[in-house]
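Structure record follows, encoded as structure tokens.
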2 protein chains.
Amino acid sequence: MHKKLFIPGPTEVREDILDVMKTPMIGHRSKEFSELYDSVIPKVKKVFYTENKVFLSTSSATGLMEGAIRNCVKERALNLVCGAFSKRWHQITKANGKEADVVEVEWGKAILPEMVRDALKTGKYDAVTFVHNETSTGVMNPIYEIAEVMKEFPDVSFLVDAVSSMVGVKIEVDRLGIDVCLAGVQKAFALPPGLALCSVSEKALKKAESIPNRGYYFDFLTFLKYDQDKHQTPTTPIISIIFALDKQLDRFFEEGLENRFARHLEMANYVRDWTRQYFAFFPDEKYLSNTLTAIKNTRGISVADLNKELGKRGAMISNGYGKLKEQSFRIAHMGDLTLDDMKWLLSQINEILGL
Amino acid sequence: MHKKLFIPGPTEVREDILDVMKTPMIGHRSKEFSELYDSVIPKVKKVFYTENKVFLSTSSATGLMEGAIRNCVKERALNLVCGAFSKRWHQITKANGKEADVVEVEWGKAILPEMVRDALKTGKYDAVTFVHNETSTGVMNPIYEIAEVMKEFPDVSFLVDAVSSMVGVKIEVDRLGIDVCLAGVQKAFALPPGLALCSVSEKALKKAESIPNRGYYFDFLTFLKYDQDKHQTPTTPIISIIFALDKQLDRFFEEGLENRFARHLEMANYVRDWTRQYFAFFPDEKYLSNTLTAIKNTRGISVADLNKELGKRGAMISNGYGKLKEQSFRIAHMGDLTLDDMKWLLSQINEILGL
């Protein structure tokens, strides 16, 4: 029995989008592929609210995090850490031989603008890594306020992981002055995994020119060259998912981006009300994510058993991340899920737990 | 009209394999995914003829070339160059800040065992990069003879790109003593692109421990950790293609690997006979590839026009690579194509060219 996914990625993919995955192959150096590329790229720019270059990377978003570090960290990075994925930025920075320091808050807390200002005032950093929506804790960091602080330090590159929030929440890349903004398509885009997207500012591309040892696979200047010369990707791309992305982006515009954001918030509010009634929030209530809710297991239920029962009914939620496995559980409300889906899911949970 | 692909990747994908691409998503941290992983990995080992660890990388094979360099080049690499893809090994080596020298032969010529021995005798190198089947020139380098030379230098890592030959030609990784062998699934595997495979020897994994700055996304030790601890991949994988790979590997065993290799050779022989009759080989005839034939354009035909006409009839071949665009053309006979496909294709070309 298929389990409908209410986990923070991969998310449930609509049947008509899965149908697109069957499209027969085309050559990635053909005119047909360049036409597909030229169809997709402007639509990606639109959902990123950017005029920057955008690149299609055949990898998970972690690959583009590595790319951002290798292309945009020159002297020393500041890694803002509030959970597992923001911590991964730090691991990646170190694994690539770059100098870095961490500003860290307790899991469940948010990164606040003054923390960023205090750290950048030292003048030690030429790049900041930031996770907008920390999937491990359900915190959505205040990106608009932090972006204002970043504008006080125009020489510092602003590297943003919007993996699990892009197209679920409005993220205006140009207005926010984000140098590198990256997303994965298996989250709020509601596509199968395998493709990551990023926007890269002119300033970041210029900076990359001055940074040696950028590698090849995630080198932004290599992406740029193939984008400009051929309207293609440097290496063989995941064509099936690019076909699916092209159709899915059209669906977004049919729904309307603002409507899409509103639907995510509506689902979030429904899950939040239920959480207040029966459990508690894992993260600070001031910074709840619109795309997933992390719930503190105040009733001491067995999360594993709950998920097993849900599985029999055709659904799957997520346990807590890593060390939080049984201390919390997470319900995603992203992608193409609807309010009716959330109502159905929570009624199943109520039935199983006898709430 | 769909154009049947006779290009050296992506190759034509069978309808029943495309059907698998529609499989609904599962979580990549779920038991279901670990079961899929445990189904696929032993089958991949079988087609690689290896007991080494094998890893699934959501990337093109170029990504794993970068991984091989970052994990296995300590002091200085020797890049054996006989075309565009073997040259890419050198670019990647340099782009990752590693020392490297090149032994280069003219395009169309093969790398010979004595060249490797002469270079390694200097004692300067701790790793050799090698392309088995050079897609840009149609040369298949004598891997069994070169492997014998490599055995004289057991401390030198043997890094092999078998991207366009693996499962089209017998490549016995363990017998050949290959430390890192990599392949892409959009070639002789006849799957859509997006996934690359590699085997990594114990020796290479041990060596990686001593090499700093391996990065994260292509770090073999990170792959190893997730393989051992979870039977999963470190980052979100391209699940759709792993589903398809699982089915496709079963099909290989139904056909029989030896039969599969024989079919590739049979198709190659057919195209070679035709080439001798009407054109000439671009590469040295002693080292013709079994998975694609590169043909010297001795008749001065317009390759672009030929392909345009073929397009109207529902087929696509490949022009020469890069600088060879009009000086040669390439016909792939790999993956799930059959002798009947080759007969049909060449009869179409004969008709178009009035041969």
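First the proteins, then the strands, lettered A, B, ... as listed; each starts at 1. Values in this document were obtained by computation on a predicted structure and should not be read as measured data.
In this structure, A/Glu15 pairs ionically with B/Lys22, as a charged nitrogen and a carboxylate oxygen lie closer than 4.0 Å. Salt bridge annotation for A/Lys3-A/Glu309: absent, with no cationic side-chain nitrogen under 4.0 angstrom from a carboxylate oxygen.
The contact between B/Thr11 and chain A is made entirely by backbone atoms, counting heavy-atom distances below 4.5 Å. In this structure, chain A has a heavy atom under 4.5 Å from the backbone of B/Thr23, while its side chain stays farther away. Both the backbone and the side chain of B/His28 come within contact range of chain A, each with at least one heavy atom under 4.5 Å from a heavy atom of that chain. Looking at B/Glu32, only its side chain comes within 4.5 Å of chain A, counting heavy atoms on both sides. Of the two parts of B/Pro24, the backbone and the side chain both hold a non-hydrogen atom closer than 4.5 Å to a non-hydrogen atom of chain A. Contact annotation for B/Ile239: both backbone and side-chain heavy atoms come within less than 4.5 Å of a heavy atom of chain A. For B/Ile241, the part lying near chain A is the side chain, with the backbone staying farther off; criterion is any non-hydrogen pair under 4.5 Å. Using a 4.5 Å cut-off between heavy atoms, B/Ser240 contacts chain A through its side chain alone, with no backbone atom that close.
Note: B/Arg70 leads B/Met316, B/Lys94, B/Arg70 in heavy-atom pairs under 4.5 Å with chain A.
Nearest heavy-atom pair across A/Phe220 and A/Cys72 is CE1-SG, 4.3 Å.
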